[in-house]
2 protein chains.
Amino acid sequence: MSKTKIGPTTLIYPMPTVLVGAEVDEKPNFLAIAWAGVANSEPPMVSVALRPQRYTIKGIRQNQTFSVNVPSVDILKEADYCGVRSGAKVDKVAACNFKIFYGKVEKAPLIEQCPVNLECRVVQMLELGSHYLIIGRIEETHVSDDCLTDGQPDVDKIRPFIFVSPSRRYHAFGDVIAKAFSVGLELEK
Amino acid sequence: MSKTKIGPTTLIYPMPTVLVGAEVDEKPNFLAIAWAGVANSEPPMVSVALRPQRYTIKGIRQNQTFSVNVPSVDILKEADYCGVRSGAKVDKVAACNFKIFYGKVEKAPLIEQCPVNLECRVVQMLELGSHYLIIGRIEETHVSDDCLTDGQPDVDKIRPFIFVSPSRRYHAFGDVIAKAFSVGLELEK
């Protein structure tokens, strides 16, 4: 199998699209990003990478809190919109018709229409070059009731989507293909 | 829409499964993790979260280098195996029949069968609690020739998969549903 070097690039599959929320000058704003991941389990932490010039950063700096909202395909347009327009110029909450609610973390606005919402407090903010990598401790998780099965989050009801690079397209989730922490043991048979 | 609080959890969709590679005591080893993400674009950086007791950490500490390999559905079993067995006990390269190659970063072993390979140098290693969040600068990207279309990585040929929690299942990628940085602008019409 031959390989081609394409230079240093951030090529990982799959990448999410999440809506990072903050209150900027006392008003909720949301930014769509693909560069988010889990950073720690005990205590639960998430990392999000944002360019310093992003309007949302201002709110995160002001309050040291933010939210991570996982959109479903039902609000794909709204999620995409939050990645192309700036809160400095438009009221994204109004444009997207988002219903906002709050949990225990002050000034971490949550979107009702997103099936999964994480409330976060800033733990660290690393200046890595073009982006700040913001590590947040997850203080609470909210899941829409209609996305639970036996009290557990159900991905078939959540219906999240994937951001794909470099094609810059959104993909739906596909079928279940195997059980994790299990299918690999077939190699030992 | 009503919501249920399920406590602080690391609930993000989608999550990847990548194989983090390192040379431990001069021998290549790979660990499957779901907690990986992009951290920066200029220069390109990736973050991976590993528990300190993981065997792979030893090699990353020794060499300050590592690799990130994106598996395809063709080696789903092998990828899963690398998440359930420890390199302290088994030779995963032999068990998985991985063909290893190297690029410019010393002791960052790459898997030929993975369509995408990133060579990384450690930039920071944060102790966050249960996990180390390791930030690596991506020095080179390799893509299998048969996964390129017009010189660009093609997800339909790469055929990566998704790790889903809490169901602990792997899903395939689904259909393209929209164009990013574009479909959202329909809201302004």
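In what follows, chains are A, B, ... by sequence order, proteins preceding strands, each numbered from 1.
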Who wins among [options] for the most heavy-atom pairs under 4.5 Å with chain B?
options                                   : value
Ala39(A), Cys82(A), Gly7(A)               : Gly7(A)
Val90(A), Thr10(A), Val38(A)              : Val38(A)
Gln113(A), Lys99(A), Glu119(A), Glu139(A) : Glu139(A)
Cys120(A), Ala95(A), Pro166(A)            : Pro166(A)

Which bit of [X] comes within less than 4.5 Å of chain A, counting heavy atoms only: side chain, backbone, both or neither?
X         : value
Asn97(B)  : neither
Leu187(B) : side chain
Ile6(B)   : both
Val164(B) : side chain
Glu112(B) : both

What part of [X] is in contact with chain B, defined as an atom under 4.5 angstrom from a non-hydrogen atom: side chain, backbone, both or neither?
X         : result
Glu186(A) : side chain
Val73(A)  : side chain
Ser47(A)  : side chain

Residue among [options] with most heavy-atom pairs under 4.5 Å to chain A:
options                                : result
Gly37(B), Ala49(B), Pro71(B), Pro44(B) : Pro44(B)
Ile12(B), Val48(B), Val68(B), Leu50(B) : Ile12(B)
Val46(B), Leu110(B), Leu118(B)         : Leu118(B)

Those residues of residues 172-183 of chain A, ordered by number, that approach chain B below 4.5 Å (heavy atom to heavy atom):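 Listed by number: Ala172(A), Phe173(A), Gly174(A), Asp175(A), Val176(A), Ile177(A), Ala178(A), Lys179(A), Ala180(A), Phe181(A), Ser182(A), Val183(A).
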Under 4.5 Å, heavy atom to heavy atom, which residues of residues 121-138 of chain A contact chain B?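 Within residues 121-138 of chain A, the residues under 4.5 Å from chain B are Gln124(A), Leu126(A), Leu128(A), Gly129(A), Ser130(A), His131(A), Leu133(A), Ile135(A), Ile138(A).
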Apply the hydrophobic cluster definition, ILVMFWY joined by side-chain contacts under 4.5 Å directly or through others, and give me every member besides Tyr102(A).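 In the cluster with Tyr102(A) are Leu19(A), Phe30(A), Ile75(A), Val93(A), Phe98(A), Ile100(A), Ile111(A).
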Pair Glu140(B) + Lys5(A): basic N to acidic O under 4.0 Å: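 Salt bridge absent between Glu140(B) and Lys5(A).
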Neighbours of chain A found in residues 152-162 of chain B - heavy atoms under 4.5 Å: Gln152(B), Pro153(B), Val155(B), Asp156(B), Ile158(B), Pro160(B), Phe161(B), Ile162(B)
Below 6.0 angstrom between ring centroids: does that apply to His142(B) and Phe101(B)? yes
How long is the span from the CZ atom in Arg54(B) to the CG atom in Asn29(B), to the nearest 0.5 Å? 10.0 Å
